Amino acid sequence: MAGVILPLDFPSGDEALELVDLLGETADFYKVGLELFSSAGPDVVRSLRQRGKRVFLDLKLHDIPNTVARAVQAAVSLDVELLTVHASGGASMLRAAREAADGRVRLLGVTVLTSLSGAEVEEVWGREIRSIRDEVARLAKLSVESGLDGVVSSALETSWLRRTVPEDFLIVTPGIRPSGADRDDQTRVATPADAVAAGSDYLVVGRPVTRASDPPAALAALLAEISSAQAT
Ligand code: C5P
């Protein structure tokens with residue numbers, strides 16, 4: 001069954017942990033991203049681990065190999081389960097990350113940020129591209145070859161990506177909107193059923209649950225939608 005990861009996109013540790021305590025046993029996997037990590041630091045990760053929660057540390061590391069390796073070691077010492085690195089950091093950086101991870105944290109490659117347009121990608125790389133999909137495929141391949149454990153992929157790219165990566169390669173998918181939910185600022189969204197059918201291993205679902213007026217009810221509805229999608 002595809003798992004659910006709830007992003008704790010909050011400005012303070014207190015707000016994040018308030019939601020975690022409200023949801024209690026029904027949610028066990030949380031994503032800590034740049035906002036929360038910058039404001040609350042490793043303490044919020046420790047608080048999550050003390051509550052028995054699994055942690056996806058979404059820091060999108062991109063630096064020289066030695067610096068990234070040391071950051072990965074620090075994340076390992078926090079006992080997180082998933083950690084992101086930018087695949088565009090290059091093969092040596094990715095290999096250094098993998099060696100530092102030493103099987104104790106699973107590394108996910110970020111390929112092309114979904115916020116980037118084709119024109120922006122061309123501007124950054126200084127060459128024409130055929131399509132963003134080609135660039136995603138190239139960086140996913142580099143992630144596989146460098147020994148990463150998976151990638152982050154938008155739901156709309158997951159089904160073809162699933163066919164190009166090894167079976168046990170993790171695909172973690174944000175931009176999910178349960179049927180009827182507000183899209184917020186996400187433009188390329190998919191329903192939980194779409195993401196499950198496309199082959200995602202984990203769905204990252206934020207505001208439809210974390211900003212709902214009744215988060216436990218919204219989460220229960222989401223989990224029901226996922227399990228009925230998997231039953232079909
Ligand atoms: O609230 P929402 O469901 O849009 O949150 C999605 C989470 O996934 C946020 O933490 C966001 O930063 C992250 N994300 C994303 N799209 C990507 C990569 C990450 O929405 N392409």
Side-chain angles (χ1 to χ4, degrees), residues 2-13 15-16 19-20 23 27 29-40 44-45 48 53-62 80-89 107-118 120-121 124 132-133 135-137 139-140 143 148 150-161 170-196 198 200-215 218-219 221-223 225-226:
V4 169
I5 301 177
L6 299 175
L8 293 171
D9 295 324
F10 291 102
S12 74
E15 282 167 85
L19 176 75
V20 171
L23 293 173
F29 211 159
Y30 288 96
K31 179 167 92 70
V32 174
L34 290 172
E35 180 189 10
L36 185 60
F37 200 72
S38 300
S39 66
V44 73
V45 175
L48 287 164
K53 304 303 179 189
R54 302 162 70 188
V55 177
F56 168 12
L57 192 53
D58 187 16
L59 297 185
K60 299 188 176 70
L61 302 173
H62 189 164
V80 303
E81 190 169 327
L82 297 174
L83 175 67
T84 41
V85 293
H86 270 285
S88 56
L107 296 173
L108 301 176
V110 173
T111 59
V112 180
L113 292 172
T114 47
S115 54
L116 290 175
S117 65
E120 279 177 301
V121 172
V124 171
I132 289 198
R133 179 182 286 204
E135 303 303 307
V136 170
L139 289 165
S143 303
L148 299 195
V151 281
V152 178
S153 158
S154 92
L156 305 183
E157 276 150 2
T158 296
S159 68
W160 64 265
L161 198 54
L170 286 178
I171 299 188
V172 175
T173 305
I176 306 290
R177 287 295 175 268
S179 356
D182 198 325
R183 289 179 159 224
D184 302 299
D185 59 353
Q186 297 279 14
T187 50
R188 303 177 73 226
V189 299
T191 65
D194 295 334
V196 168
S200 293
D201 297 292
Y202 288 102
L203 316 186
V204 178
V205 187
R207 286 161 290 181
V209 172
T210 59
R211 305 286 172 170
S213 55
D214 183 350
L219 178 60
L222 170 71
L223 295 175
E225 197 172 335
I226 294 173

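One-based numbering, in listed order, for ligands and for the atoms of each. Just so it is clear, the model here is predicted, and its values are computed rather than measured.
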**Prompt:** Nearest heavy-atom pair of Leu8 and Ala16: which atoms, and what distance?
**Reply:**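 Heavy-atom minimum between the residues: CD2-O, 4.0 Å.
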Which atoms of ligand 1 have any heavy atom of [X] under 4.0 Å away?
| X | value |
| --- | --- |
| Pro7 | 7 (C), 10 (O) |
| Arg177 | 1 (O), 2 (P), 3 (O), 4 (O) |
| Thr114 | 16 (N), 17 (C), 21 (N) |
| Arg207 | 1 (O), 2 (P), 3 (O), 4 (O) |

**Item:** Options Pro208, Gly175, Pro174, ranked by nearest heavy atom to atom 15 (C) of ligand 1, top entry
**Value:**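 Closest candidate by heavy-atom distance is Pro174.
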**Request:** Could you check atom 20 (O) of ligand 1 against the protein and tell me its nearest heavy-atom contact, residue, atom and distance included?
**Result:**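 Here the nearest protein heavy atom works out to Gln186 NE2, 2.7 Å.
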**Message:** Counting non-hydrogen protein atoms only, what is the nearest one to atom 13 (C) of ligand 1? Give residue, atom name and distance.
**Reply:**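 In this structure, atom 13 (C) of ligand 1 has Lys31 NZ, 3.9 Å as its nearest protein heavy atom.
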**Arg207/Asp185 ion pair, N-O < 4.0 Å** =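 Looking at Arg207 and Asp185, the cut-off is met.
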**Prompt:** Looking at Arg211 and Asp9, does any basic side-chain N land under 4.0 Å from a carboxylate oxygen?
**Reply:**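 Answer for the salt bridge query: no.
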**Asked** Out of Thr114, Thr111, Leu161, which one pairs with Ser154 under the side-chain contact (heavy atoms from CB on, under 4.5 Å) rule?
**Response** Thr114
**Item:** Asp9 near ligand 1 by a heavy-atom separation under 4.0 Å
**Value:**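 Checking ligand 1 against Asp9, which is what was asked, there is a heavy-atom contact under 4.0 Å.
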**Asked** Using a distance-only test with no angle check, is there a side-chain donor-acceptor pair under 3.5 angstrom linking Glu225 and Ser179?
**Response**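 Note: Glu225 and Ser179 side chains meet the donor-acceptor criterion.
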**Message:** Quiz question: by atom type and distance under 3.5 Å, do the side chains of Thr158 and Ser153 form a donor-acceptor pair?
**Reply:** yes
**Message:** So that I know where these two stand, are Tyr30 and Phe56 an aromatic pair - ring centroids less than 6.0 Å apart?
**Reply:**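 Aromatic pair excluded; centres sit 6.0 Å or further apart.
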**Message:** With a heavy-atom distance limit of 4.0 Å, tell me whether Arg211 approaches ligand 1 through its side chain, its backbone, both, or neither.
**Reply:** neither
